[in-house]
Each structure stands twice: as C-alpha cells, then as structure tokens.
There are 2 protein chains.
Amino acid sequence: MKIDPDSPADLSAQIAKSIRDAIVSGTLRVDDRLPSEAELAEQFEVSRSTVREALKRLGAQSLIRTQRGATGGAFVNKLTYPEAYGQQITTATLLLSMNAVSFTTACEARYALERACAPLSAQRRTADHLATMRAEAHRQAQPGLTDEAFCASDVAFHRALVDAAGNPVLSYQLAGAVEAMQPLMNMITFTARSRETIVALHGAIADALDAQNAEETDAKLAELASYTNALAQSVFAARQKA
Amino acid sequence: MKIDPDSPADLSAQIAKSIRDAIVSGTLRVDDRLPSEAELAEQFEVSRSTVREALKRLGAQSLIRTQRGATGGAFVNKLTYPEAYGQQITTATLLLSMNAVSFTTACEARYALERACAPLSAQRRTADHLATMRAEAHRQAQPGLTDEAFCASDVAFHRALVDAAGNPVLSYQLAGAVEAMQPLMNMITFTARSRETIVALHGAIADALDAQNAEETDAKLAELASYTNALAQSVFAARQKA
DNA sequence: GACTTTTAAATGTCTGACAAATGAAAATTG
DNA sequence: CAATTTTCATTTGTCAGACATTTAAAAGTC
C-alpha cells in the first residue's frame, strides 16, 4: 500500500484507488478490517483528514462500511444485490437524462434486454411471479389510478417478469434498464397511451408465461415494444406540429 | 437543501444524499456550479471537513468534478459512457466475486444478454466492427499467445460484437456482463478449453454477421455458450475426483 | 496595447482537539 | 462465585483554524 509522492494533488483519490485495488484484486477480503484511520494516515504519510476523505469515497461505492467504537473501524463490505441494484439504477438514470439518449435507442435497448429474459422466465416462472404480474395488471386496470401509480405498477410488472428468469445476475443487469427507462418512457407516452391496450398486453404476457410458452411471450413483448415506439412517434409528431 | 439535525451521525452522508437528490431530480443541472465548500458549510451548519467528505462521496460516483483556483469549485458532472462503463465493470466484478455466483448462472446471464444484441448487430455491423472481430479472432489463433492475452482478445471480440448493435445504451448495459464475466469464465475454463474450437466459433460468428444472418449468429453464440458450459462441467468433475 | 505582477478566491492538506459510540476489562455487589 | 455495574481505551464523527497551491481576473508597467 503505497502512493506516488510526486503527484501532490488528490492524495485522497490515490489512497482510495490503492485500497480499491486491494479489494478488487482480493488482497483484502470481505469482512477484513482495514487499519484504523490513524494507522492508515501513518502508513500513507498523510493526515487523518485525507485518509477519511479516501474512506468516504470507498464508502460511497459500498466497498467498505464503517463502525464506531472500540472494536470498530472500516471493513470490506460484501456487495449485496440490493446495493448493486441501487447504484445501477442511479447511474442508468443519470446516464439517460444527461446524454440526450433518443427514445428509440432507449426503447430498443430496454426491450432487447427484456426479451433476452423471456425464454428463461417462461421456463422457470413460479406461481409467485405469476401472481405478482397478474396483481399488477389488475391494479393497472383500475380507473382511478394516477399516472405515477400506473408507472410504478408498470415497473413492478416488468421486474417480476425479469425476476421470473430466476437468475440474480440477470436481474441485477436489468435493474437499470427497467427502473430507469420505464419511467422515462411513461413520461413521454402517458399523454397518448391507451392503458387498456397495455393492460391487455400485460395480461397476454402473463398468460403466455403461465403456459410456459416462450415464443408467445417474446411475441407479446415485441408487440409492446412496437406499440410503445409508435406512441412515442405520434407524440413527437404532435409536438412538431405545435 | 436541508438536513435532519436530529440524527447527528453521518452528517456527510446526509449532505451527500441531499445534493445527490438535487442532481438526480434535475434541480442541479449539468455544469451547474455548487456553492463553495465554505458556503455549503454555512448552509448546512456543519464544518468544512464534513462538507468535503460529502463532496468526495459524490466525486466517487462521478456526480461532480472539482476544480481548483479562483473560478473553481464543484460542478455537476456530465456522466459520460466511459465513466459509467468503468463503474459498471467494477461493480459487476465485485458482485460476482463476493457472492459466490455459480458458473452456470453467470454464463447463462452473459450469453442471454449477448444474444439479445445478435439481431441488431447482424443488421447494423459496420466494416469496422467486422475488421476488429476478424483481427481478434486471428490474434487468438497465434500459438504463442499467453492466457491473459487470449482472454483480453476474447473480451475485445465480444465487445465489438456488442458495439456492432449500434446502441450505446446496450453497450453500456453489457459492459459489465462482458468485461466482468468473460475473465471469470476464462479463469475457470482455460485449463480444459480448446482454443481452436473457440477461434472457429468466433470466425463463424464473424461470418454470420458479415452475411447479416441473425439466426446463424444466434445459433453460433448458443453453441459457444453450451461449449463453455460443457467445459466448466468437465473442469468441476475433474476437481471433484481430485 | 501587450506583458508582467499582484491579488483574491477556491480547493487541498495538515494539526490538534473534543464528542460519541462501543466493547472489553475491572470493580463492585449480592 | 456469579451477576451487574463502572471504568476505560479505542475508534470513528465532527469541528476550528491554519497554511499551501492553483487559478483567473484585476492592477500595474513598459
């Protein structure tokens, strides 16, 4: 654990990198305790504040957790799926909002990924997943539902579809796609969409999964994708006119 | 921008969350300048060190960048694809290594995602993408290649395949899958694999993309997936014996 | 007007201090 | 002796003040 003394700026970034490398490479293992802040300061020959700034950086990436008290300190954190989901979603949301990603591009990526799950979901869906999807589809049919609630339910439906594949890695990879892009799409299309059409497609997807029919599931997802795209086109066309 | 004064611990985390929310919600926009550390300290009624720790957290997530000097300060950072790729890869790598993900699960997710790109790649691949894939396949056939170099080339080949889909969002989403899982797979299977078989399949995939044949591309990817899985099974069986 | 110097503002770093939490050891008590 | 309470050392969390360094704009100089 050493840093380059010749580049005086951003010491805390260098120290964070040094520790991060040790974690990624496996030199530091899960639940290993790092030296105390005072010891790290001595090792790296910097002040305690600089060490603290480095540790905060690592904490922000969920690489370490800290605990106060006599036997406390900084410990290598076991990155859990929920933590990774959260980071994934934040990053994906910002990436989309800051880079002017076209609706077409986002929609294409979103459905390409979801359709990748379809065969596995059709094979492995449990009664639980089906129940969630049907419940959400039913909720979406309620007339009094706000647009926000409809969107949230939409996300929940698609999350269940993805989770039905029974592959946590896939669920993690798709968290950003579903949770970041679905709201984006809803925001654009909500003025023009027919909830009825969407609910019908959701029902058809649930039916296809129930029957473990992968082809039908894929076909209905493709239909939903093209419907969404068509909606967006009409919204953009209407905006052009105005 | 206010924080709860009743929870005295983790002030820097609360401040980071407050600013992060402002960025995600759009209250703070790209290239907006945050107040100086001294001003933030006054606003939140904390010391400058605490503000600094909060800013380091945000910097670790690439949400802000800082600049020294008279007109310097902290600015809302435009999250670029390369930055997002990097975070994605780090997170995916740690998630896999820390959660004892089975080879089968990782492999399944990896190929399900990559096969989602196949139809788009077959349609849109450019001469450039094809050239990269062929060059990497050729490199992989060199007898003197180390296992590390073979793995790196393998990653480059699959990256080109994904990028050929011409969808940056998809490339971003798949960065973790390819860059984190491919090395994991290579590490497990390198003792048993036949490079010849893999190179032949890579060549076949390039041919199929060249011909814009989506079905053939998908079929060859499926072959590669099942070959990889079979390899892993044989490695695990051999380990069981020993 | 072009160049140099000064200056002010901002982040980066350091030092020293105290508060608060926490578990372990020591002391007390029944 | 066992159970409880108290003390204590360790560690993170926070604060205050200082100085170094960088940077661009303002002031001064030729």
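Order of the sequence lines sets the chain letters (A, B, ...), proteins ahead of strands, with each chain counted from 1. Remember, predicted model here, so these are calculated numbers, not experimental data.
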Donor-acceptor pairs are to be reported for all side-chain atoms of residues 50-57 of chain A against protein atoms at under 3.5 Å, with residues two or more places apart or in another chain.
unit_1, atom_1, unit_2, atom_2, d
A:Thr50, OG1, A:Ser47, OG, 3.3
A:Arg52, NE, B:Glu53, OE2, 2.7
A:Arg52, NH1, A:Glu37, OE1, 3.4
A:Arg52, NH1, A:Glu37, OE2, 2.8
A:Arg52, NH2, B:Glu53, OE1, 3.2
A:Arg52, NH2, B:Glu53, OE2, 3.4
A:Glu53, OE1, B:Arg52, NH2, 3.2
A:Glu53, OE2, B:Arg52, NE, 2.7
A:Glu53, OE2, B:Arg52, NH2, 3.4
A:Arg57, NH1, A:Ser12, OG, 2.6

Under 3.5 Å, sequence neighbours excluded: what are the donor-acceptor pairs made by side chains of residues 157-168 of chain B?
unit_1, atom_1, unit_2, atom_2, d
B:His158, ND1, B:Arg110, NH2, 3.4
B:His158, ND1, B:Glu114, OE1, 3.4
B:His158, ND1, B:Glu114, OE2, 2.5
B:His158, NE2, B:Asp154, OD1, 3.3
B:Arg159, NH1, B:Glu179, OE2, 2.5
B:Asp163, OD1, B:Ser171, OG, 2.8
B:Asn167, OD1, B:Val169, N, 3.0
B:Asn167, OD1, B:Leu170, N, 3.1
B:Asn167, ND2, A:Thr105, O, 2.9
B:Asn167, ND2, A:Glu108, OE2, 3.1

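Applying the salt bridge (charged side-chain N to carboxylate O under 4.0 Å, His left out) test to A:Arg134 and every residue at least two apart in sequence or in another chain returns A:Asp207, A:Asp210. Residues passing the salt bridge (charged side-chain N to carboxylate O under 4.0 Å, His left out) test with B:Arg65, sequence neighbours excluded: B:Asp31. With sequence neighbours excluded, no residue forms a ring-ring contact (aromatic ring centres under 6.0 Å, His included) with B:Tyr172. For A:Glu42, there are no side chain to side chain contact (heavy atoms under 4.5 Å, CB included) partners, not counting sequence neighbours. The side-chain hydrogen bond (donor to acceptor under 3.5 Å, both in side chains) search around A:Gln173 returns none, not counting sequence neighbours.
Note: CD (A:Glu39) to P (D:dT12) measures 9 Å, nearest angstrom. For the pair B:Asp10 CG and D:dG13 C1', the computed distance is 8 Å after rounding to whole Å. Atom pair A:Leu40:CG and D:dT10:P shows a separation of 17 Å (rounding to whole Å applied). In this structure, B:Arg52 places its CZ atom 8 Å from P of C:dT11, rounding to the nearest Å. We find that CD of B:Glu37 is positioned 16 Å from P of D:dT14, with the value rounded to whole Å. Between the P atom of D:dT14 and the CD atom of B:Glu53 lies a distance of 7 Å, rounded to the nearest Å. One can place CZ of B:Arg33 at 15 Å from P of D:dT23, the figure rounded to the nearest angstrom. At whole-Å resolution of the value, CG in B:Leu34 and C1' in C:dA9 are 16 Å apart.
Looking at which nucleotide of DNA chain D each of B:Thr50 and A:Ala74 is closest to, the 5′-most match is held by A:Ala74. Along DNA chain D, the nucleotide closest to B:Ser47 and the one closest to A:Ala38 are compared, and the more 5′ of them pairs with A:Ala38.
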Practice task
Test A:Phe236 against A:Phe103 for side chain to side chain contact (heavy atoms under 4.5 Å, CB included), laying out the working first.
Solution key: CA-CA 10 Å; A:Phe236 291 137; A:Phe103 186 90; 3.9 Å; yes
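Looking at residues 54-73 of chain A, you'll see A:Arg68, A:Gly69, A:Ala70, A:Thr71 sit with a heavy atom under 4.0 Å from some atom of DNA chain C.
Of the possible polar contacts, none joining the B:Ser62 side chain to the B:Leu79 backbone as a donor-acceptor pair under 3.5 Å is found.
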Pick out the pairs of N or O atoms, protein on one side and nucleotides 16-18 of chain C on the other, that lie under 3.5 Å.
none

